[in-house]
Amino acid sequence: MNIVVLVKQVPDSSMDRNLRSDDNTVDRGSASNVINEMDEYAIEEALRIRETHGGEVTVLTMGPAQATESIRKALQLGADKAVHVLDDALAGSCAVTTSRVLAAALGQLNPDLVLCGAESTDGRVQVMPHMLAERLGVAALTGARKLTIDGATLTVERQTEEGYEVVTAVTPAVVSVWDTINEVRLASFKGIMAAKKKPVQTLALADLGVPAGEVGAAGATTEVLSHHRRPPRSVGQRITDDGAGGIKLVEFLATEKFV
C-alpha cells in the first residue's frame with residue numbers, strides 16, 4: 001500500500017507562542033518548532049499498516065526550510081522517504097490555498113491512503129482532511145480512533161462526544177486520526193542513523209503547476225487583522241462561609257451560567 005502521511009511543523013504548544021507584528025502570522029522564527037502532535041500518531045499508524053500489509057510510507061510537508069527538522073524526525077521514526085514543498089511564495093497561505101498545494105503534490109504521489117492528524121495545534125480548524133478529500137475526489141474518514149484495513153476496504157471508528165461511529169470506504173481515501181488511535185514509538189539509534197540516507201525530494205510551486213500569485217498571503221481567503229496577548233488571569237472570588245456559603249456559591253454559579 002502506498003501511504004502518504006501529512007506532517008506539519010508547528011510551534012511547541014508547551015512553550016510561549018507569538019504572532020508577528022508586521023503581518024499577524026505565526027512567528028515561527030522565535031519559536032521552538034516540533035512535529036504537530038496529532039501527526040505523530042498518523043506516522044505511527046502508517047508504520048503499523050506497513051508492517052502488517054506491506055508497502056511504503058512517504059512523509060509530505062509544506063513549509064519553510066526549517067521544516068526539514070520535522071521531516072528528519074519522521075524519517076527517524078521509520079518513514080521511507082519524504083517530499084518537502086518549499087517555496088517562498090507560500091508564506092502566509094490559508095487553509096484553502098494550502099489544501100490546493102498539498103492536493104497537487106498528492107496528485108503526483110498517487111497514494112492509496114493519506115493519513116494526517118485530526119487537527120494542528122497552531123490552527124486547530126480541523127478542515128484540511130475534508131478539503132483534500134474534496135479536491136482529490138476521494139472519501140474522507142475523519143476523527144479516527146481505530147482504523148482497520150481489509151484489502152481495499154477501510155473501516156474507521158470515528159470518535160464523537162457520545163462515543164463512536166463506524167464508517168467504511170474504499171481506497172484511495174483520506175483518514176485523519178486522534179491521539180487515541182495508538183501509542184507513538186520512539187526513534188531508535190538504528191532509525192536515526194538510517195534516516196540520514198533516506199531520500200527527501202523538494203518541490204516548488206512550479207513543479208506542481210500552481211501559480212505563485214494564487215497562494216501565500218496574496219491568495220489567502222482569510223486574514224488576521226489584529227491580535228492581542230491574553231490578559232493576565234484575574235484574582236478569583238473568595239467566599240467565606242459565614243453560614244450562607246452554600247447560597248453564595250450557588251449564586252456565583254448561576255451568575256456564570258453553570259446552573
Please report the shortest heavy-atom distance between [X] and [Y], naming the atom on each side.
X      : Y      : value
Ala95  : Val127 : CB-CG2, 4.0 Å
Thr97  : Gly219 : CG2-O, 3.4 Å
Thr121 : Asn36  : N-OD1, 2.9 Å
Asp241 : Gly243 : OD1-N, 3.0 Å
Gly117 : Asp39  : N-OD1, 3.0 Å
Gly92  : Ala220 : O-CB, 3.9 Å

Pair Glu44 + Arg48, salt bridge at N-O below 4.0 Å: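 Yes, Glu44 and Arg48 are salt-bridged.
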Determine whether [X] and [Y] make a side-chain contact, defined as any pair of heavy atoms from C-beta on separated by less than 4.5 Å.
X      : Y      : answer
Leu115 : Ile49  : yes
Asp242 : Lys248 : yes
Ser120 : Met128 : no
Leu106 : Pro111 : yes

Side chains of residues 142-155: which donor-acceptor partners sit under 3.5 Å, not counting sequence neighbours?
unit_1: Thr142; atom_1: OG1; unit_2: Arg158; atom_2: NE; d: 3.2
unit_1: Arg145; atom_1: NE; unit_2: Glu157; atom_2: OE1; d: 2.8
unit_1: Arg145; atom_1: NH2; unit_2: Glu157; atom_2: OE1; d: 3.1

Could you tell me whether a side-chain N or O of [X] sits under 3.5 Å from a main-chain N or O of [Y], the two making a donor and an acceptor?
X      : Y     : result
Asn182 : Tyr41 : yes
Lys198 : Ala79 : yes
Asp80  : Val57 : yes

Is there a path of hydrophobic side-chain contacts, each under 4.5 Å between heavy atoms, that joins [X] and [Y]?
X      : Y      : value
Met62  : Val59  : no
Val177 : Leu77  : yes
Val7   : Val175 : yes
Leu6   : Leu109 : yes
Val259 : Phe252 : yes

Can you tell me how far [atom2] of [Y] sits from [atom1] of [X], rounded to the nearest 0.5 angstrom?
X      : Y      : atom1 : atom2 : value
Ile35  : Arg72  : CD1   : CZ    : 12.5 Å
Asp122 : Lys8   : CG    : NZ    : 3.5 Å
Glu45  : Ser176 : CD    : OG    : 12.0 Å
Glu56  : Arg50  : CD    : CZ    : 9.0 Å
Thr202 : His84  : OG1   : NE2   : 6.5 Å
Ile3   : Leu113 : CD1   : CG    : 5.5 Å

Side-chain donor-acceptor contact under 3.5 Å, Gln9 with Asn33: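 No - no donor-acceptor pair under 3.5 Å links their side chains.
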Salt bridge (Lys or Arg N to Asp or Glu O under 4.0 Å) contacts in which one or both residues fall within residues 104-117, not counting sequence neighbours: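 Every candidate salt bridge (Lys or Arg N to Asp or Glu O under 4.0 Å) pair involving residues 104-117 fails, so no pair, neighbours aside, qualifies.
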Summary of salt bridge (Lys or Arg N to Asp or Glu O under 4.0 Å) pairs that have at least one residue in residues 83-108, sequence neighbours excluded: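 Listed by first then second residue: Arg100-Glu214.
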Other members of the hydrophobic cluster containing [X], with the 4.5 Å side-chain heavy-atom rule, please.
X      : answer
Val200 : Ile71, Leu75
Met38  : Trp178
Met193 : Phe189

Got a list of side-chain donor-acceptor pairs under 3.5 Å for residues 203-213, not counting sequence neighbours?
unit_1: Asp207; atom_1: OD2; unit_2: Ala204; atom_2: N; d: 2.8

Going by the rule side-chain hydrogen bond (donor to acceptor under 3.5 Å, both in side chains), which residues pair with [X] if we only count those two or more places apart in sequence or in a different chain?
X      : value
Gln108 : none
Asn2   : none
Glu51  : Arg185
Ser99  : Arg135

Glu134, CD atom: more than 12 neighbouring heavy atoms under 6.0 Å: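 For Glu134, atom CD is not crowded (no more than 12 foreign heavy atoms under 6.0 Å).
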Pair listing, side-chain hydrogen bond (donor to acceptor under 3.5 Å, both in side chains) test, anchored in residues 250-259, at least two apart: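 As it turns out, there is no side-chain hydrogen bond (donor to acceptor under 3.5 Å, both in side chains) pair with a partner in residues 250-259 once direct neighbours are skipped.
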Intermediate values then yes/no, side-chain contact (heavy atoms from CB on, under 4.5 Å), Lys81 and Gln201: CA-CA 8 Å; Lys81 60 182 181 178; Gln201 180 184 10; over 6 Å; no
